[in-house]
Each structure stands twice: as C-alpha cells, then as structure tokens.
Visitor: 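Quick one: this structure, given as structure tokens, is what I'll be asking you about.
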Number of protein chains: 2
Amino acid sequence: MQIQIDMENPEPMYAQLVRQVKEAVKQKAIQPGDALPSIRQLANDLELNSKTVAKAYSLLERDQVIQTRGYRGTFVHPEARSHCNTDVATEIRGALKKTLDAMRNAGATDSEIRIAFNELMNQTR
Amino acid sequence: MQIQIDMENPEPMYAQLVRQVKEAVKQKAIQPGDALPSIRQLANDLELNSKTVAKAYSLLERDQVIQTRGYRGTFVHPEARSHCNTDVATEIRGALKKTLDAMRNAGATDSEIRIAFNELMNQTR
DNA sequence: ATATGTACCATGTGTACGTCTGGTACATAT
DNA sequence: ATATGTACCAGACGTACACATGGTACATAT
C-alpha cells in the first residue's frame with residue numbers, strides 16, 4: 001500500500017489521504033480487517049502533522065471505510081468495499097442544489113442567500 | 001418622512017435604508033403613489049454614495065415596495081402596503097434550514113456543507 | 001513505561017466575500 | 001443642458017473560514 005502526499009497539490013492533504021485510502025480499498029490493495037498504521041506512525045512516515053492524519057481518519061470512519069478501536073488500533077471496515085464509493089458530502093449536494101435554485105428563482109440575491117446560509121450555520125442550536 | 005442612517009450601526013447602510021422605507025410605508029408616513037427622492041438626491045441628503053442608495057432602491061423594487069420609472073423618478077408601489085412585510089430572503093430561510101438540518105443529520109461536517117455550498121454558488125450555471 | 005484514539009488549547013496563512021467607495025458611460029426624456 | 005435609473009470598471013477594509021501547524025492532556029489497555 002503506497003500513500004503519496006503532494007504538498008504542491010491544491011487538494012488538501014487530508015483529502016488526498018482519504019481519497020487514496022478509498023482507492024486502495026477499491027483496488028484491494030488493502031483488505032477488510034487489515035490493520036492500518038496508527039495516526040502518529042502514519043504522520044511520521046508521510047511527514048505530516050498527526051492532526052492532519054487524525055482528520056482524515058475521522059472522515060474515513062464516518063464513511064465506514066475504517067474502524068477505530070481505541071488503543072487496539074485502526075482497521076479496514078468489514079463492509080469497506082461497499083462504503084468506499086459513498087461520500088456523505090456528495091450524496092447530499094443534490095438536495096442543496098435544488099434548494100439554492102429555488103431561492104434564486106424566487107428572486108433572492110446571491111448575497112442574500114449567502115447571508116442567510118451563514119446565519120443558519122452559525123446557530124449553535 | 002425621516003431617514004436616519006447610523007454609520008456606527010453594524011447593520012449595513014443600504015439595509016437601514018430598506019428597513020426604514022418599509023417602516024415608513026407601514027406607518028403610512030408615505031402613501032402608495034408618492035414620489036421618492038432620486039438616488040443622487042437622497043445620496044446627497046444622507047451623505048451616502050449614490051451606489052449605496054441605488055442598491056437599497058433595487059432591493060425595494062424587487063420586493064415591490066417601490067417602482068422605478070426611469071427618468072420619471074421613483075414612486076411608492078401601489079401595492080406597497082401588502083408587500084412591505086414580505087422579505088424575499090426571509091421567505092426562503094425555512095427551506096434552506098430544512099435542507100441544512102438534513103445534511104447535518106446525514107453526518108456531513110459543517111466544513112463539508114460550507115464547501116459544497118460555495119461550490120454550488122460559484123457555478124456560473 | 002508505552003502506545004492507542006481523542007479532545008482541548010492556540011497560531012499563522014491564504015482565500016473569499018460583504019460593504020462601501022469612486023469614476024465613467026449609456027439611453028431615456030424633460 | 002439637465003436629470004432620471006442603470007450598467008460597467010475598479011479598489012480598500014474588515015470579517016470569516018479552510019487548512020495546516022504546534023502543544024498538552026486524558027482514559028484506554030498492553
């Protein structure tokens with residue numbers, strides 16, 4: 001399993017890491033149940049900050065591509081192959097686009113849409 | 001009809017102007033059909049840039065509170081009283097909030113939601 | 001002691017946007 | 001000539017955020 005992080009690439013490092021892990025699962029370079037390097041270990045190997053790797057791992061776990069088991073380490077999720085094609089962010093883009101189109105058709109300014117968006121996002125709720 | 005613009009107020013000047021015109025219509029300080037000062041005239045009186053007043057007027061016209069008739073000037077819309085309570089931006093907040101809640105419930109990060117939002121907003125379409 | 005994932009504190013850099021400003025130009029009609 | 005609304009060009013300033021970095025601390029279990 002080869003991971004290459006290009007710091008010149010405009011794609012964020014954590015995103016490169018997420019993408020490459022998913023690709024490795026698809027290409028069966030890593031199998032469900034396989035152990036992954038620890039956050040600190042991988043950060044050291046790739047010469048990244050551990051926080052950057054931790055961010056990628058947390059996203060991979062949310063998408064159920066990996067499983068973290070605390071002190072026992074991190075492993076490829078048993079159902080990783082069926083999950084590595086799903087991206088939560090992409091899944092919902094459709095609904096958001098539909099809403100934004102409706103707002104624009106109603107005559108709302110892009111500026112107003114952005115303001116409304118920011119206000120809703122900043123609510124602690 | 002009194003218009004007061006407070007430059008120290010965090011509320012944008014154009015927004016103050018829009019709000020105060022709508023309030024004047026509600027309180028019947030100005031009647032449907034009444035002529036409003038021209039953009040340049042009002043900008044001069046309030047010591048604002050004409051672009052700022054023009055922005056407020058364009059929003060007021062979109063909300064059908066005023067009517068601009070080119071060289072003939074600007075007038076209070078005949079149906080202003082029924083329109084001065086409607087705010088396009090507010091009208092649609094509900095749908096947007098619903099969509100955002102759905103995204104969060106699906107596990108999307110606030111960061112991911114913002115990125116998806118910006119990408120959709122920046123599409124020329 | 002060592003290692004795991006996780007949580008919190010913080011800083012710096014770059015980008016994007018809102019707001020307001022300024023100038024110029026146009027077609028309209030008086 | 002004068003005045004109307006409108007459109008385009010541009011810049012400055014402040015704010016908000018994504019990204020990446022740094023450190024410290026915790027409970028967990030070996």
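Predicted, not measured: the structure shown is a model, and the values here were computed from it. So you know, we letter chains A, B, ... as the sequences are listed, proteins then strands, and number each from 1.
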Visitor: Verify the contact: side-chain N or O of A:Ser38 to OP1 or OP2 of C:dT4, cut-off strictly under 4.0 Å; return yes or no.
Guide: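 Indeed, a polar side-chain atom of A:Ser38 lies that close.
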
Visitor: What is the distance from atom CD1 of B:Ile113 to atom CG of B:Asn118, rounded to the nearest 0.5 Å?
Guide: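 Here the interatomic distance stands at 12.0 Å.
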
Visitor: Checking B:Asp101 against B:Lys97 for the side-chain contact (heavy atoms from CB on, under 4.5 Å) test, could you report, in this order, the C-alpha distance in whole Å, the side-chain angles of both residues, the deciding distance, and whether it holds?
Guide: CA-CA 6 Å; B:Asp101 286 348; B:Lys97 175 168 172 51; 3.5 Å; yes

Visitor: Between D:dA18 atom C1' and B:Glu119 atom CD, what is the distance in whole Å?
Guide: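 Distance check: B:Glu119 CD to D:dA18 C1' gives 13 Å.
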
Visitor: In a table with atom names and distances, give each donor-acceptor pair under 3.5 Å that connects a side chain of residues 27-36 of chain B to protein atoms at least two apart or in another chain.
Guide:
residue: B:Gln31; atom: OE1; partner: B:Arg81; partner atom: NH2; Å: 2.4
residue: B:Gln31; atom: NE2; partner: B:Lys28; partner atom: O; Å: 3.0
residue: B:Asp34; atom: OD2; partner: B:Gln31; partner atom: N; Å: 2.8

Visitor: Does a side-chain N or O of B:Tyr14 approach OP1 or OP2 of C:dC20 to a distance below 4.0 Å, or not?
Guide: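 Indeed not, no polar side-chain atom of B:Tyr14 lies that close.
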
Visitor: Does a side-chain heavy-atom distance below 4.5 Å link B:Leu60 with B:Lys22?
Guide: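 In contact.
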
Visitor: Taking only residues two or more places apart in sequence or in another chain, which ones pass side chain to side chain contact (heavy atoms under 4.5 Å, CB included) with A:Lys98?
Guide: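 If we apply the side chain to side chain contact (heavy atoms under 4.5 Å, CB included) test to A:Lys98, skipping adjacent residues, there are no hits.
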
Visitor: Give, ordered by number, those residues of residues 40-50 of chain B having at least one heavy-atom distance below 4.0 Å to an atom of DNA chain C; if nothing qualifies, reply none.
Guide: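 Under 4.0 Å from DNA chain C: B:Arg40, B:Asn49.
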
Visitor: Within the structure, does a side-chain N or O atom of B:Lys55 lie under 4.0 Å from either OP1 or OP2 of C:dT19?
Guide: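 Indeed, a polar side-chain atom of B:Lys55 lies that close.
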
Visitor: Considering residues at least two apart in sequence or located in another chain, which fulfil the side chain to side chain contact (heavy atoms under 4.5 Å, CB included) criterion with A:Ser111?
Guide: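 Checked A:Ser111 against side chain to side chain contact (heavy atoms under 4.5 Å, CB included); matches are A:Thr109, A:Ile115.
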
Visitor: Could you give me the CA-CA distance, side-chain angles and deciding distance for A:Arg104 and A:Glu112, then say whether salt bridge (Lys or Arg N to Asp or Glu O under 4.0 Å) is met?
Guide: CA-CA 10 Å; A:Arg104 296 206 237 217; A:Glu112 286 174 329; over 6 Å; no

Visitor: Dump the pairs, protein N or O against N or O of nucleotides 15-17 of chain D, anything under 3.5 Å, distances to one decimal.
Guide:
residue: D:dC17; atom: OP1; partner: A:Asn122; partner atom: OD1; Å: 2.9
residue: D:dC17; atom: OP1; partner: B:Arg114; partner atom: NH2; Å: 3.1

Visitor: With a 4.5 Å cut-off on side-chain heavy atoms, are B:Pro78 and B:Gln67 touching?
Guide: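 Yes, side chains in contact.
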
Visitor: Got a sec, which pairs hit ring pair (Phe, Tyr, Trp, His ring centres under 6.0 Å) with one end in residues 22-79 of chain A, sequence neighbours left out?
Guide: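 Qualifying pairs: A:His77-A:His83.
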
Visitor: Under 4.0 Å from any atom of DNA chain C, heavy atoms only: list the residues of residues 5-13 of chain B that qualify, in numerical order.
Guide: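 The answer is B:Pro12, B:Met13.
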
Visitor: Atom CD in A:Glu11, atom CG in A:Asp6: separation rounded to 0.5 Å?
Guide: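 Going from CD on A:Glu11 over to CG on A:Asp6, the span is 9.5 Å.
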
Visitor: Just the rounded figure in Å: distance from P of D:dT6 to CG of B:Leu59.
Guide: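 From B:Leu59 CG to D:dT6 P: 11 Å.
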
Visitor: Quick one: is A:Thr52 getting a side-chain N or O under 4.0 Å of the D:dT21 phosphate, OP1 or OP2?
Guide: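 Looking at the OP1 and OP2 atoms of D:dT21, one of them is under 4.0 Å from a side-chain N or O of A:Thr52.
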
Visitor: CD of B:Glu61 to OG1 of B:Thr68: how many Å apart, nearest 0.5 Å?
Guide: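 Reported value, rounded in 0.5 Å steps: 3.0 Å.
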
Visitor: From A:Ser58 OG over to A:Ile39 CD1, what is the distance, rounded to the nearest 0.5 angstrom?
Guide: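 Between A:Ser58 OG and A:Ile39 CD1, I get 8.0 Å after rounding to 0.5 Å.
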
Visitor: Could you tell me the separation between the CE atom of B:Met121 and the CG atom of A:Leu100, rounded to the nearest 0.5 Å?
Guide: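 Answer for the CE-CG pair, B:Met121 versus A:Leu100, is 6.0 Å.
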
Visitor: Does any part of the side chain of B:Ile92, heavy atoms only, come nearer than 4.5 Å to the side chain of A:Thr99, both counted from C-beta?
Guide: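 Answer no - side chains too far apart.
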
Visitor: Hey, which of these two, B:Ala54 or B:Asp110, hits DNA chain D nearer its 5' end, going by closest nucleotide?
Guide: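 The 5'-side residue here is B:Ala54.
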
Visitor: In whole Å, what is the span from the CD1 atom of B:Ile113 to the P atom of D:dA18?
Guide: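 Roughly 11 Å, once rounded to whole Å.
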
Visitor: Could you write out DNA chain C as a dot-bracket string, with dots for unpaired bases, | for bases paired across to another strand, and Watson-Crick or G-U pairs counted at under 3.5 Å?
Guide: ||||||||||||||||||||||||||||||

Visitor: Write out all pairs satisfying ring pair (Phe, Tyr, Trp, His ring centres under 6.0 Å) with one or both partners inside residues 89-117 of chain B, taking only residues at least two apart or from two chains.
Guide: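 Applying ring pair (Phe, Tyr, Trp, His ring centres under 6.0 Å) to every pair that reaches into residues 89-117 of chain B, excluding sequence neighbours, yields A:Phe117-B:Phe117.
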
Visitor: Are A:Val76 and A:Val65 packed together at the side-chain level, in the sense that at least one heavy-atom pair is separated by less than 4.5 angstrom?
Guide: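 No, side chains not in contact.
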
Visitor: Taking DNA chain C as the partner, which of residues 63-76 of chain A come within under 4.0 angstrom of it by heavy atom?
Guide: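 Close to the strand are A:Thr68, A:Gly70, A:Tyr71, A:Gly73, A:Thr74.
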
Visitor: State the CD-CD distance between B:Gln20 and B:Gln4, to the nearest 0.5 angstrom.
Guide: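 One finds 7.0 Å between CD of B:Gln20 and CD of B:Gln4.
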
Visitor: Could you tabulate the donor-acceptor pairs under 3.5 Å formed by side-chain atoms of residues 44-51 of chain B, not counting sequence neighbours?
Guide:
residue: B:Asp45; atom: OD1; partner: B:Gln41; partner atom: NE2; Å: 3.1
residue: B:Asn49; atom: OD1; partner: B:Lys51; partner atom: N; Å: 2.7

Visitor: For nucleotides 7-13 of chain D, print each protein N/O atom paired with a nucleotide N/O atom at under 3.5 Å, atom names and distance only.
Guide:
residue: D:dC8; atom: N4; partner: B:Lys51; partner atom: NZ; Å: 3.0

